[in-house]
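One structure is given here, and the rest of the page talks about it.
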Amino acid sequence: MSGRTDAGNTTTGGLRGGRIVGWGTALPDQVLSNADLEANLDTTDAWITERTGIKERRYGGTTAGLAAEAGRKAIESAGVDPASIDLLILCTTSPDRNLPASASTVQAALGLDCGAFDLNAACSGFVYGLAAANGYIAMGSKRILLIGAETLDKMTDPEDRGTAILFGNGGGAVVIDAVPEGDPVQLLGWDVGSDGDAEHILYAELGGYMQMDGREVFRKAVRVMVQSANTAMERAGVTAKDIALVVPHQANIRIIDSACDKLGFDREQTALVLQSTGNTSAASIPLALSEALDQGRVRDGDLVLLVGFGAGMTWASAVLRWSEAGPVEIGAAP
Ligand code: ACO
């Protein structure tokens with residue numbers, strides 16, 4: 001399933017789209033460095049750094065707690081009234097409980113009065129969520145809080161050096177407003193996909209630890225990132241030369257370098273936080289996007305490419321035309 005909008009048009013096939021008007025992040029306090037891992041596992045800082053690019057990751061917290069903190073900051077950064085949020089989507093593969101959805105816990109913590117649900121597409125979750133949010137806006141939602149948050153420490157076997165070096169906890173959130181009539185939409189093209197036949201290369205049974213065939217994930221990840229990014233760019237009617245910033249899923253620097261090289265992007269065009277966060281699954285793209293925005297790396301009119309991949313196997317990409325137009329006065333949108 002995939003879709004497109006026409007670059008610069010005000011509609012998505014005759015429907016409204018959204019634009020990001022605020023963002024925020026959350027990381028738990030406990031830092032697990034490569035040196036900490038060296039002390040307990042047959043591994044070294046040099047091996048982890050060279051093979052993954054990761055220096056440290058964060059442990060602790062709850063998924064709902066990190067999501068609420070990131071969500072609160074995103075609402076503050078947008079400068080909007082929490083009462084105006086009409087939908088909360090929490091992208092996570094590590095909810096706190098089977099029931100209820102962690103999104104409902106976040107909704108209560110933030111005092112929101114709106115629909116709330118979890119979305120699980122593993123590390124591709126945030127980009128799936130972005131597409132879903134634009135779909136809700138096309139059906140009439142006016143302001144959506146979209147969050148990616150994870151506590152992967154509880155799904156990571158501390159004695160497995162193949163996975164313990166990679167994963168961490170965190171959260172990132174954005175507020176998305178329905179664009180008013182006449183304003184350009186932000187989501188120019190998107191692509192989501194899944195290949196359930198590859199589920200055996202990365203999975204966790206309920207209550208169990210992640211099991212991963214790292215080499216196979218690596219191989220497939222590069223391929224699906226390139227395919228999905230190209231599909232989203234094609235649907236947006238743009239090429240790699242038009243893209244100002246790439247925000248890839250933060251899994252492994254070598255996966256990112258290899259995919260970006262094939263797509264024709266420089267390392268300088270890429271948003272990277274994995275050195276200090278590790279792989280935070282659905283939180284990784286909003287964490288990297290937020291840092292790039294805070295650093296002023298994205299300007300009005302720039303094209304931003306988000307590319308995710310993960311367990312499933314799933315993948316998802318989106319091309320955004322960045323807008324600094326700011327929040328919409330609720331009631332002004334059609
Ligand atoms: N420290 C030291 N040596 C190690 C470690 C370690 N932590 N892990 C593996 N090794 C050893 C292996 O035993 C092997 O030794 P051998 O040659 O004597 O057999 C050697 O290092 C090479 O092992 P590989 O598995 O080939 O190492 P590779 O370069 O592939 O790196 C890694 C492993 C980092 C896991 C890599 O394959 C990877 O990043 N894969 C993708 C993982 C990923 O992105 N997962 C998340 C997907 S997103 C989601 O949905 C959660």
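Atoms within a ligand are numbered from 1 in the order they appear, just like the ligands themselves.
Interface atoms of ligand 1 facing N279, defined by a heavy-atom separation under 4.0 Å, are 46 (C), 48 (S). Close approach to T52 involves these atoms of ligand 1, each under 4.0 Å from a residue heavy atom: 34 (C). Short contacts between ligand 1 and I255, defined as distances under 4.0 Å to a heavy atom of the residue, involve ligand atoms 41 (C), 44 (O). In summary, the atoms of ligand 1 found under 4.0 Å from a heavy atom of I165, numbered by their order in the structure, are 7 (N). Per-residue contacts place H249 under 4.0 angstrom from the following atoms of ligand 1 (heavy atoms of the residue considered): 48 (S). Short contacts between ligand 1 and A251, defined as distances under 4.0 Å to a heavy atom of the residue, involve ligand atoms 44 (O). The distance from ligand 1 to the heavy atoms of R51 drops below 4.0 Å at these ligand atoms: 22 (C), 27 (O), 28 (P), 29 (O). Listed by atom number, the atoms of ligand 1 under 4.0 Å from A311 heavy atoms are 49 (C), 50 (O).
The backbone N or O of G60 lies less than 3.5 Å from a partner atom in the side chain of N169, making a donor-acceptor pair. Although no hydrogens or angles enter the test, the distance criterion places a donor-acceptor pair under 3.5 Å between the side chain of T92 and the main chain of S94. Side chain of D96 to main chain of S102: no donor-acceptor pair is present (N/O by atom type, distance under 3.5 Å, no hydrogens or angles).
The existence of a salt bridge linking D302 and R321 is excluded, since no basic side-chain nitrogen approaches an acidic carboxylate oxygen closer than 4.0 Å. Residues R58 and D29 are not paired through a salt bridge, judged by the lack of any N-O separation under 4.0 Å between the basic side chain and the carboxylate. The pair R219-E216 meets the salt-bridge criterion, since a charged nitrogen lies less than 4.0 angstrom from a carboxylate oxygen. Using a cut-off of 4.0 Å between Lys/Arg side-chain N and Asp/Glu carboxylate O, K142 and D86 are scored as not salt-bridged.
Of the protein's heavy atoms, N252 ND2, 3.5 Å lies nearest to atom 38 (C) of ligand 1. Of all protein heavy atoms, the one closest to atom 42 (C) of ligand 1 is M212 SD, 3.6 Å. Nearest protein heavy-atom contact of atom 40 (N) of ligand 1 is G214 O, 3.0 Å. Atom 13 (O) of ligand 1 has its closest protein heavy atom at R161 NH2, 2.9 Å. Summary of contacts: the protein heavy atom closest to atom 1 (N) of ligand 1 is T43 OG1, 2.6 Å. The single protein non-hydrogen atom nearest to atom 8 (N) of ligand 1 is W47 CH2, 3.4 Å, given as residue, atom name and distance. Looking from atom 51 (C) of ligand 1 to the surrounding protein, the closest heavy atom is C123 SG, 2.9 Å. Of the protein's non-hydrogen atoms, the one nearest atom 24 (P) of ligand 1 is R215 NE, 3.5 Å.
Under the 4.0 Å distance rule, the nearest protein heavy atom to atom 3 (N) of ligand 1 falls inside the cut-off. There is a protein heavy atom less than 4.0 angstrom from atom 34 (C) of ligand 1. Counting only heavy atoms, the protein gets under 4.0 Å from atom 44 (O) of ligand 1. Distance remark: protein heavy atom not present below 4.0 angstrom from atom 18 (O) of ligand 1. Atom 15 (O) of ligand 1 lies below 4.0 Å from none of the non-hydrogen atoms of the protein.
Using a 4.0 Å cut-off between heavy atoms, L202 contacts ligand 1 through its side chain alone, with no backbone atom that close.
F117 and Y136 have tilted rings, their planes meeting at an angle from 30° to 60° on a 0 to 90° scale.
Atom CG of D266 sits in a crowded spot, with more than 12 heavy atoms from other residues, nucleotides or ligands closer than 6.0 Å. Heavy atoms from other residues, nucleotides or ligands lying under 6.0 Å from CD of E199 number 12 at most. Applying the 6.0 Å contact sphere to CD of Q295 captures more than 12 heavy atoms from other residues, nucleotides or ligands. For E324, the CD atom counts as densely surrounded, since its 6.0 Å shell holds more than 12 non-hydrogen atoms of other residues, nucleotides or ligands.
Inter-residue side-chain proximity for L303 and L188 is flagged as met; some heavy-atom pair is nearer than 4.5 Å. L32 places a side-chain heavy atom less than 4.5 Å from the side chain of L37.
Not a single heavy atom of M210 sits closer than 4.0 Å to an atom of ligand 1.
Residue R254 has at least one nitrogen or oxygen atom sitting less than 3.5 Å from a nitrogen or oxygen atom of ligand 1, judged on distance alone.
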